Amino acid sequence: MQNTVPAQVKPSGGLVAPASQPQQKPADVWKSMTLGQVATIPVSELLSVLGVRIIEVPQGELAAEGLVGWFVGRVGSAEIQIERTLPQADREPVVRDLLARITPTQQSYGKRATSAPRLRPATVGGSLVHIECPAWCNSDHVEGFLVDVYHAGESVDLLVPRMDGVPEPLLHARLNADTFGTVVPFQAPHIVLDDESDTFAMTPAQALEFADDLVAFAAQIRALAEQAGR
């Protein structure tokens, strides 16, 4: 997916193909589509233009594996499996997440069921208390004051190779939530980027835009590498 915007957009957020051009192939649509569009274009239209079909499986078939959704295939020829009893309100976010992961390369992926927040022990000012903690948090929660307790997820790291040495970390990203903090925007789950000299906090929407920019940047790096290799 590239960081581009189609020439025309329906009021509903869907794509409009120019009348003078034939219908695009699913792979070509995928190349021009951003993650932000995957989050807003009607699901039925996404399924159609990307060549993906939904298969409803019996209740409990995916849950037995700890999954809420599963896909196999590639853009133009893929199927998403969800349980037929999954409520519509829960179905759309699952389908959108799986659509955002489908590429022109044959693959499969299972979306795991999210666990409800659980109570975990925390040491605050030397005293043991129990706090509600999201399933993705792996912090030990040892702080001096409750306002300093925050939730942090596992880090995702980007390593950069070097011609004269071993690869070194360039960026780290993680989920974060200052649930007990005093700054309201930071209380909700958000994404934190860390380049080991500064940190950058982003809302989920900003992170999606940034991810699109990274995809476009990666394409430019690939083009430079191909040019250098010729």
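Keep in mind that this is a model prediction, so the values were computed, not measured.
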Heavy-atom closest contact ([X] atom, [Y] atom, distance):
X      : Y      : answer
Gly69  : Val94  : CA-CG1, 4.1 Å
Trp70  : Ser108 : CZ2-CB, 4.0 Å
Leu146 : Phe180 : O-CB, 3.2 Å
Pro167 : Leu159 : CB-CB, 4.3 Å
Val68  : Leu86  : O-CD2, 4.3 Å

Check the angle between the aromatic planes of Trp136 and His151 and answer parallel, tilted or perpendicular using the 30° and 60° thresholds. perpendicular
Without placing hydrogens or testing angles, list every side-chain donor-acceptor pair under 3.5 Å for residues 218-227, not counting sequence neighbours.
none

Separation of [Y] [atom2] from [X] [atom1] (nearest 0.5 Å):
X      : Y      : atom1 : atom2 : answer
Leu158 : His172 : CG    : NE2   : 9.0 Å
Arg96  : Ile80  : CZ    : CD1   : 11.0 Å
Leu47  : Leu99  : CG    : CG    : 5.5 Å
Asp178 : Gln187 : CG    : CD    : 8.0 Å
Leu50  : Met33  : CG    : CE    : 4.5 Å
Lys111 : Ile82  : NZ    : CD1   : 12.5 Å

Any side-chain heavy atom of [X] within less than 4.5 Å of one from [Y]?
X      : Y      : answer
Leu128 : Pro121 : yes
Arg112 : Leu67  : yes
His141 : Val129 : no

Pair Leu193-Ile191, side chain to side chain contact (heavy atoms under 4.5 Å, CB included): steps then yes or no: CA-CA 7 Å; Leu193 256 66; Ile191 294 83; 3.9 Å; yes
[X] with [Y], same ILVMFWY side-chain cluster at under 4.5 Å:
X      : Y      : answer
Val52  : Val72  : no
Leu208 : Met202 : no
Val38  : Val95  : yes
Leu170 : Phe200 : yes
Leu171 : Val160 : yes

Passes side chain to side chain contact (heavy atoms under 4.5 Å, CB included), Ile55 versus Gln81? Steps please. CA-CA 5 Å; Ile55 304 295; Gln81 292 188 5; 4.1 Å; yes
Does a sphere of radius 6.0 Å around [atom1] in [X] hold more than 12 heavy atoms from other residues, nucleotides or ligands, not counting ones at 6.0 Å or beyond?
X      : atom1 : answer
Arg84  : CZ    : yes
Gln59  : CD    : no
Gln206 : CD    : yes
Tyr150 : OH    : no
Phe217 : CZ    : no

Please confirm whether the backbone N or O of [Y] pairs with a side-chain atom of [X], one donor and one acceptor, at under 3.5 Å?
X      : Y      : result
His190 : Asn176 : yes
Arg74  : Gln107 : no
Glu83  : Glu61  : yes
Thr103 : Thr105 : yes
Trp30  : Ile102 : yes
Arg120 : Ser139 : yes
Glu45  : Pro42  : no

Thr182 and Val147: CA distance, side-chain angles, deciding distance, side chain to side chain contact (heavy atoms under 4.5 Å, CB included) verdict: CA-CA 7 Å; Thr182 57; Val147 71; 3.8 Å; yes
Between Arg91 and Glu56, does the side chain to side chain contact (heavy atoms under 4.5 Å, CB included) criterion hold? Intermediate values first, please. CA-CA 11 Å; Arg91 177 176 300 206; Glu56 293 187 336; 2.7 Å; yes
